[in-house]
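No experiment lies behind these values; they were computed from the predicted model shown. Lettering follows sequence order; numbering is per chain, from 1.
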Amino acid sequence: MKGLLRYFVLLAVVMLVAAACSSDDSDSGTDTTAAATETTAATETTEAAPTTTAAPATTAPPTEKIDIDFWVAFSDEARLGFSEDRAAEFNEKHPEYNVRVTSFASYNDVFDAAVLAVDSGEPPGLIHFFEAATRQALDAVDGDLNPIFKSVTDAIAGRTEILGEPVVLDSVVDAARNYYTVDGSFYSMPWNTSTTVMFNNMDMLNEAGITTPPATWAEVETACAAVMALDDAPSGCITWPNHSWFVEQTLGQQGELLGNADNGRTGRATEVFLESDGMMNYLEWWKSLNDVGYYTYTGLQRDWDGTSNAYLAGEVAMLVYSSSDTTFFDENAEFTNVASFMPSDGDTDYVGNLIGGATIWMLDGMDTATEDGALAFLNFFSNPANAAAWHQLTGYIPITQDAVDLLEAEGWYDESPNSKVASDQLAAAKNTPASLGALLGNFVSIRDVITIAIEDILVNDLDVATRMADANAEANKSLSEYELLFGG
Amino acid sequence: MLIFGLVIAALLGPLYVFLNLERRSLQRYAIGSATAVAGAAITPLVMGRCGFTEGTSGVDHLLSLTLMWGAAWIALIALRSFFDRADGKAKASAAMAGEIRTGGYRMGWWVPWVLLSPTLLILVVFLYYPAFRTFTLSTKLTKLGAPRSIDVCFGNFTELLILNPAKLVAYPLIAIAVIYGARFWMNHSGPGTWSRKGADVASVVGMLAIFVAMYLMFSPGGGGQVDYRDVYVNTLIITVGIVAFGMIGGLAVAYLAFRKIRGGSAYRTLLIWPYAISPAVAGVLFFMIFDPTAGIFTHGMDVVFGIDVPNYRESAMLAQGSIILASGWKILGYNILFYLAGLQTVSTDQIEAAVIDGASSWQRFYKIVMPALSPITFFLLVTNLVYAFFEVYATVDFMTKGAPAGKTSIAIYEIIRVGVNNGDLGRGAAQSVLLFAAVIAITLWQFRTTGSKVSYGGA
């Protein structure tokens, strides 16, 4: 009897687990974009269990196919699924090629795996890598000191179509083109590209008597005073992730450089400025918002999920976030969700916001047929229809002018005006080194130094100038070590 | 300085021979000296003179000399066992070896090695080689994909330590003096006297002195140094918390569940459940419970009682407490499993005898059950410590990411943050070596102290 009871319990446990699993499945099936967090986050996940999904080809060609591996740093169904679908379409259209998409947990995982694969002689063809590591990708070499990646522009070599796919590189919007053009060469093909915008719960703001989204820091404070004075005031007024990208955005807005050599754009940056006036200005404002309880800190660095949940749950009235999730907020907000430009300091002249996101890098050393296949896929992947679909799926900006034109012709922007804000904000930027953003070595570590310092300031109520002086020393040490390893 | 290290080693050799060997001769003194010099020469041969070159600090010299003399000491231990065997001291093992030689294996000395080779191959490829690489990496400044790497010698270690070499020597010596002082006092005080009570206190102070000394030896940060003191304190608090909560909780629950209750076996089966959950999932679960915006507990307290629960990630105590709770809960099932098994071995005769003698239930627990469980407790102490040191990364990553401002950044989290996420392989490797040394030291210490108090029953 006793033994029987134990088996019964075990059976119940198994059933419970099975039930839990199946309900998980249906959840993720209906709510795919919920898992889609912004991509500039250098996610810390280390459990990279790459899952290869060979895109099925419908026709069976007699000759052997040429495999092209495409390593993607997305693992959510929506964005990974998009790349897998495009690969399948490409394989169908070009039966002589087989583009295989492999998913990784983070950009760092993709890069580390690619470098190791180069060393072991079996590199992928294309990898997906993020903007902050552009310097690192350009500097990366194999065991024989040859660069790992090849410039896409050089490989295209002036052709206007490859294997019948029209080249779209020339149509890439300026903001992305300028960011990724280094030493006069456009190295990698931009894919997911976004900027920071503000999402406003207009129901709540209207209730507080605010009719238009705040555009400056002062207006944010006024709006917050009104919102927090409401009878049913939320627990906070505004939030955004403690991610260095937002700090970099405000430096761009104020025309302040993060690194020397024009933000590393006219030469290699050898010094970072974490104690600049623009930095102090922004961090002092951020801290003051936090001190009066207007800003809600979720307590985690790079917390895309927590901040987005707080906004959707109505715990804050405003959210500064990546435009990449515009569609997600439009679909999931149970209130009037209006996107607006990221608020800037009204007292300094506005220079410009910068992009964030990732590009697709092509590895060097492929034979001509494989390389042409990879280039054809890149141009197919961002052809006007695909680039527009990608924008509509997520909120990342349409990466080519042709895609913008297509979306305008379809009337998409009249239908969802929030989707236009990011492109408009980038178009409003003056093209200066400050608004382009910095190219730095060890940028991931430097970003880490910045976010830790900010957390320290917010949580432990430290003096901004003192704490940033420490951070500045640490970041400069990191950069100088990088230059020792990689510099000329 | 290098010569100084070798000369001292040459003098240490004969001294060791004098202190540890029964038969001493001029020849043996000479061999001892040569062995010590050879041992001390290993690290300079492998690493070069890098710890002594111009521009290195006193701390670099100190670390170099410590490594040289440490290697010399290990060489001397090996020499001693060789001489002991030659002197016929190790009779038992010699007898056993003889038995094996004349026993079943007559197929040649290589047969066991061939049979062992699959295991050895796996050990070498997946354990020894990576460990060796970690040691070499720890002396470098390097990144994946870099055209060059730079030898920094002990730089990755010295930046974790204070800059004053005199203090670095003094603190551990003081701690060791306190320990030996307490032991001396203990040996010279009669049982039951006030003096013995004082000695008991002193021995506890001695143990704490080691931890205090290490605290003082780690760098408080600033001036290009890493604030490793913070990491050390966090690791200490969280590790002690997890082990204490996991083991005391495990024993308490096992003791309660062991009693005869209706449906006991089903109940006991369910208790083991948390062990099957991965550290990452444990982190997510407790995140879901305590998260200030989406948490079940937080929301419930707000709705039911109107209590605004503070954000656990903004207070060092709450954040560390949450990590301890989540990780301790996860290891609880494992501890319960072993304690349940252990409780079945406790002699019911002894307990019955104690009941007849009028022992209270607490006395029965404290005087009979606890000692009978000591082998299990010892085993669990080791496994729980290893768990708390190495397997809490995912829990921290999901619950706090080191928040607030690094107060839950424990050694293993810091290693992965620096070495993997920031790609700073050398520093990550150096911190791994440090954690490796700490675990070796703790395990050795456990075997020496706790091990001797463990009763395995019988002979």
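Taking chain B as the reference chain and counting heavy-atom pairs below 4.5 Å, the highest number among A137(A), G143(A), G299(A) is found for G299(A). Between chain A and the options P292(B), A403(B), S315(B), the largest number of non-hydrogen pairs under 4.5 Å is found for A403(B). Between chain B and the residues L300(A), D139(A), D142(A), the most heavy-atom pairs under 4.5 angstrom are made by L300(A).
Classification of R313(B) and D291(B) as a salt-bridged pair holds, one side-chain N sitting under 4.0 Å from a carboxylate O. Under 4.0 Å is where a charged nitrogen must lie from a carboxylate oxygen, and between R427(B) and E481(A) at least one such pair does. Under a 4.0 Å N-O distance rule, the pair E414(B)/R417(B) qualifies as a salt bridge. Under 4.0 Å is where a charged nitrogen must lie from a carboxylate oxygen, and between D151(B) and K140(B) at least one such pair does. By the 4.0 Å N-to-carboxylate-O rule, D461(A) lies too far from R467(A) to be salt-bridged with it.
Only the side chain of E315(A) comes within contact range of chain B, with heavy atoms under 4.5 Å apart. Residue contact with chain B, scored on non-hydrogen atoms closer than 4.5 Å, involves the side chain of L116(A) exclusively. Interface remark: T142(B) contributes backbone atoms only to the contact with chain A (heavy atom separation under 4.5 Å). With a 4.5 Å cut-off on non-hydrogen atoms, Y482(A) touches chain B through its side chain but not through its backbone. With a threshold of 4.5 angstrom between heavy atoms, R262(B) does not approach chain A through any atom at all. Using a 4.5 Å cut-off between heavy atoms, D470(A) does not touch chain B at all. In this structure, no portion of T296(A) lies under 4.5 Å from any heavy atom of chain B. Using a 4.5 Å cut-off between heavy atoms, L145(A) contacts chain B through its side chain alone, with no backbone atom that close. Residue V141(A) touches chain B through both its backbone and its side chain, counting heavy-atom pairs closer than 4.5 Å.
Cation-pi geometry between R447(A) and F443(A) is met: under 6.0 angstrom from the ring centre, within 45 degrees of the axis.
No close placement of the W304(A) and W240(A) rings is indicated, their centers lying 6.0 Å or farther apart.
Taking each heavy atom of I150(B) and L484(A) in turn, the nearest pair found is CD1-CB, 3.5 Å.
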